Amino acid sequence: MEKKDVFVPREALERQEGFMARVARINDLYRAETGRQRTAFVDCYGCQQNEADAERMRGMLVRMGYAMAPDEREADAVVINTCAVREHAEMRVLGNVGALSHYKKARPDMIIAVGGCMPQQESMSARLKRSFPYVDIVFGTHALWRLPEMFYTKLVEDHRVFDIENEDGHIAEGLPVLRKDHIRGWVSIMYGCNNFCSYCIVPYVRGRERSRRPEDVLTEVRALLDSGCREINLLGQNVNSYGRDSGFAWDFSDLLAAVCELPGDFIVRFMTSHPKDATQKLIDTIASHEKAAPQLHLPVQSGSDRILRLMNRHYTVADYLSLIDYARARIPGIAFTSDIIVGFPGETEEDFLGTMELVQKVRYHSLFTFQFSPRKGTPAAEMPDDTPHEVVQARFERLLEVQNAISQELHEAYVGKTVRVLAEGESRVADYPISARSDGGRPVYLKSERDVVGQFVTARVDRCSPWALYATDLGR
Ligand code: SAH
Ligand code: SF4
Ligand code: F3S
């Protein structure tokens with residue numbers, strides 16, 4: 001794909017702006033007649049990139065004259081942004097789409113739209129078409145920027161709208177955004193994935209890697225900082241391949257450095273980093289920039305070289321561990337986190353013990369653990385898999401037990417010490433009513449006499465669990 005072809009042309013985006021204005025006029029008329037403003041609700045599943053997309057959907061809906069509803073119950077339009085990464089995620093979405101049929105019976109004018117990664121799979125969009133006739137709009141990841149046209153068509157022509165064309169993907173700059181969180185900002189720096197890990201559906205539903213221009217990323221980050229945002233999260237399926245598709249002079253480390261060098265008091269996090277492309281330069285960049293968080297989410301997936309090969313991950317356990325050692329030496333106190341899949345097809349007890357050993361060597365602060373879920377169309381779904389479910393479940397529990405003990409030990413080392421945290425919002429813990437995050441990315445429950453949300457605070461850690469630290473604001 002030529003770089004110039006990647007960007008959605010200005011005229012095409014202006015056309016969508018025209019649809020936003022037309023839908024807004026329809027909704028204004030409705031308000032004039034009924035005295036009531038129409039409302040919309042966007043529900044989102046999946047990764048932070050999906051959340052960043054949902055913020056754009058909300059931005060477009062506001063421009064179309066909808067007010068945001070707190071949930072789906074009263075909303076005139078419900079958009080569900082879906083995730084296809086595991087069967088469990090898809091089942092949850094289908095359950096919730098099913099539940100919407102009751103609301104639709106009571107209020108037939110309600111518009112229901114299902115978008116994102118699930119309908120980008122042909123079999124799933126066919127299923128939505130066939131089995132969920134009350135879903136009005138179905139759109140894939142590539143159609144996000146055409147949401148206004150789909151709404152207009154539904155409102156004016158009153159028939160179902162499907163926009164699920166498969167393509168390599170585009171970049172649509174300048175879409176309106178409505179952000180829920182004013183302290184943390186999600187910034188996609190690239191879209192898509194080229195890695196085709198053998199178990200993963202993402203490359204099929206998100207298209208090929210395409211990087212935003214550095215100046216577009218920096219402009220978005222500056223605007224976030226101007227609006228009071230204190231935590232910038234740079235997002236991509238593999239941020240380490242940033243710029244490769246487009247032949248920019250900048251790689252991800254350069255972009256990270258440029259973001260950190262913007263003026264202001266803020267912290268920069270990023271995800272995700274594929275270990276095969278994580279470089280010493282990246283680690284040196286984190287080490288030499290105070291605003292880069294001292295943490296690294298480096299998904300290893302398995303601690304068996306044989307399984308890593310079958311997963312098409314392109315690194316060995318030894319490669320991975322040498323990267324960890326380098327990062328530990330360069331960034332004192334760095335917190336590692338990871339993703340692990342248990343029960344990949346053909347995983348033996350020996351393979352699994354390799355994973356357990358690696359987890360004990362690295363000592364992650366926390367782990368995201370998943371049981372393998374076959375995804376139709378991926379190579380791993382065709383691989384022979386004779387491990388009984390009970391065995392996979394038992395391995396999964398063994399891994400959690402080992403990890404929880406490690407997390408508890410690592411967290412105990414913070415007790416009595418002071419940490420800098422960013423206060424982000426309310427928590428559900430009675431005596432520690434503020435939710436916060438340490439520079440290293442640890443979830444923190446905070447107690448404070450002051451109104452500190454949105455500020456960096458120095459706090460003393462009182463106690464901990466394997467999942468969080470509990471800390472008191474020292475008032476400075
Ligand atoms: N791009 C990111 C991951 C995106 S998906 C990366 O490469 O790290 C998030 C996690 O879901 C993956 O890291 C993997 O651990 C898990 N995952 C993906 N496909 C899966 C599948 N078919 N079954 C179980 N877990 C899966
Ligand atoms: Fe999936 Fe691998 Fe791409 Fe991550 S890098 S999104 S796991 S294919
Ligand atoms: Fe899920 Fe799509 Fe993200 S499949 S993990 S929402 S890219």
Side-chain angles (χ1 to χ4, degrees), residues 43-54 57 80-93 114-121 124 139-142 144 169 186 188-210 234-242 244 270-278 296-303 307-308 310-315 320 336-345 347 355 359 364 366-383 385 387 392 395-396 399:
D43 199 5
C44 183
Y45 298 79
C47 60
Q48 288 172 335
Q49 290 226 306
N50 239 27
E51 197 46 62
D53 286 350
M57 295 176 189
I80 305 189
N81 195 23
T82 64
C83 172
V85 81
R86 283 171 294 276
E87 192 185 6
H88 178 72
E90 292 196 327
M91 289 303 122
R92 266 182 64 210
V93 167
V114 178
C117 294
M118 262 169 80
Q120 195 62 65
Q121 310 165 95
M124 191 49 83
F139 63 104
T141 58
H142 303 303
L144 166 75
W186 315 122
S188 292
I189 62 164
M190 57 191 299
Y191 305 96
C193 181
N194 288 358
N195 291 309
F196 290 94
C197 302
S198 64
Y199 49 82
C200 185
I201 196 72
V202 171
Y204 303 87
V205 294
R206 286 274 176 175
R208 298 290 62 73
E209 281 176 358
R210 52 226 191 260
L234 304 176
L235 305 178
Q237 293 302 340
N238 175 18
V239 293
N240 296 323
S241 50
Y242 176 79
R244 276 192 206 159
F270 60 85
M271 70 187 318
T272 298
S273 243
H274 194 308
K276 82 176 161 62
D277 300 310
L296 194 56
H297 181 61
L298 200 61
V300 68
Q301 312 298 356
S302 166
I307 296 290
L308 287 172
L310 289 171
M311 286 178 162
N312 194 31
R313 290 288 288 182
H314 297 280
Y315 54 83
Y320 184 88
F336 296 111
T337 54
S338 195
D339 295 351
I340 287 184
I341 298 178
V342 176
F344 187 84
E347 181 188 77
T355 300
V359 164
Y364 296 105
S366 62
L367 272 186
F368 298 90
T369 45
F370 308 102
Q371 294 188 19
F372 171 73
S373 169
R375 305 284 67 206
K376 208 164 146 196
T378 64
E382 307 300 321
M383 292 180 191
D385 184 4
T387 317
V392 175
R395 285 181 192 157
F396 187 73
L399 179 61

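Bear in mind that the values here come from a model prediction, so they are computed numbers and not experimental data. In listed order, ligands and their atoms are each counted from 1.
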Counting non-hydrogen protein atoms only, what is the nearest one to [atom]? Give residue, atom name and distance.
| atom | answer |
| --- | --- |
| atom 5 (S) of ligand 1 | Val85 CG2, 3.9 Å |
| atom 10 (C) of ligand 1 | Asp339 OD2, 3.4 Å |
| atom 3 (Fe) of ligand 2 | Cys193 SG, 2.3 Å |
| atom 24 (C) of ligand 1 | Gln371 O, 3.4 Å |
| atom 23 (N) of ligand 1 | Ser373 N, 2.9 Å |
| atom 14 (C) of ligand 1 | Gln301 OE1, 3.4 Å |
| atom 8 (S) of ligand 2 | Cys197 N, 3.3 Å |

Give the atoms of ligand 1, by number and element, whose distance to some non-hydrogen atom of [X] is under 4.0 Å.
| X | answer |
| --- | --- |
| Phe372 | 23 (N), 24 (C) |
| Pro299 | 8 (O) |
| Arg86 | 11 (O), 16 (C), 17 (N), 23 (N), 24 (C), 25 (N), 26 (C) |

Quiz item: Do any nitrogen or oxygen atoms of Arg375 come within less than 3.5 Å of a nitrogen or oxygen of ligand 1?
Solution: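 No; every N/O pair is 3.5 Å or more apart.
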
Quiz prompt | Arg210 and Asn194: side chain donor to acceptor below 3.5 Å | solution =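 There is no such pair (donor and acceptor under 3.5 Å, judged by atom type) between the side chains of Arg210 and Asn194.
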
Quiz item: Does Cys117 bring an N, O or S atom to within less than 2.8 Å of atom 1 (Fe) of ligand 3?
Solution: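 So Cys117 does not count as coordinating atom 1 (Fe) of ligand 3.
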
Region of [X] that comes within reach of ligand 1 [heavy atoms, distance under 4.0 Å]:
| X | value |
| --- | --- |
| Thr272 | side chain |
| Phe370 | side chain |
| His274 | neither |

Self-check item: Asn238 touching ligand 1 at heavy-atom level, < 4.0 angstrom
Solution: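 Heavy atoms of Asn238 never come under 4.0 Å of ligand 1.
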
Quiz item: Can you check whether Phe336 and His297 have ring centres sitting under 6.0 Å from each other?
Solution: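 Centroid separation for Phe336 and His297: 6.0 Å or greater.
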
Quiz item: Does the ring center of Tyr204 lie less than 6.0 Å from the ring center of Phe196?
Solution: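 So the answer is yes for these two rings.
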
Atoms of ligand 2 less than 4.0 Å from [X] heavy atoms?
| X | value |
| --- | --- |
| Arg313 | 2 (Fe), 7 (S) |
| Pro203 | 8 (S) |
| Phe196 | 8 (S) |
| His274 | 5 (S) |

Self-check item: Those atoms of ligand 3 less than 4.0 Å from some heavy atom in Asn50
Solution: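 In order of number, 6 (S).
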
Quiz prompt | Pick from Arg375, Gln237, Glu209: the one approaching atom 4 (Fe) of ligand 2 most closely through a non-hydrogen atom | solution =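 Result: the heavy atom closest to atom 4 (Fe) of ligand 2 is in Gln237.
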
Quiz item: Are the side chain of Asp277 and the backbone N or O of Asn240 linked by a donor-acceptor pair below 3.5 Å?
Solution: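 Not confirmed, Asp277 side chain does not pair with Asn240 backbone.
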
Self-check item: Under 3.5 Å: donor-acceptor pair, side chain of Arg208, backbone of Cys193
Solution: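 Here the side-chain-to-backbone pair exists.
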
Exercise. Looking only at non-hydrogen atoms, find the nearest pair between Ser273 and Pro299 and report the distance.
Key: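 Closest heavy-atom pair between Ser273 and Pro299: O-CD, 3.3 Å.
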
Exercise. Determine whether the side chain, the backbone, both or neither of Cys47 has a heavy atom under 4.0 Å from any heavy atom of ligand 3.
Key: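 Answer for Cys47: both.
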
Practice problem: Please state whether the separation between atom 2 (Fe) of ligand 2 and some N/O/S atom of Cys200 is under 2.8 Å? | Solution: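 Looking at Cys200, which is the residue asked about, there is no N, O or S atom under 2.8 Å from atom 2 (Fe) of ligand 2.
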
Practice problem: Take every heavy atom of Gln49, measure it against each atom of ligand 3, and state whether any distance is under 4.0 Å. | Solution: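 It does not, in that no heavy atom of Gln49 comes within the 4.0 Å cut-off of ligand 3.
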
Practice problem: Say whether Met118 and ligand 3 are in contact under the criterion: heavy-atom distance to a ligand atom below 4.0 Å. | Solution: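 Judged by the 4.0 Å heavy-atom criterion, Met118 does not count as contacting ligand 3.
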
Quiz item: Taking the six-membered ring for Trp, are Tyr364 and Tyr320 parallel (under 30°), tilted (30 to 60°) or perpendicular (over 60°)?
Solution: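 Judged by the thresholds at 30° and 60°, the geometry between Tyr364 and Tyr320 is tilted.
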
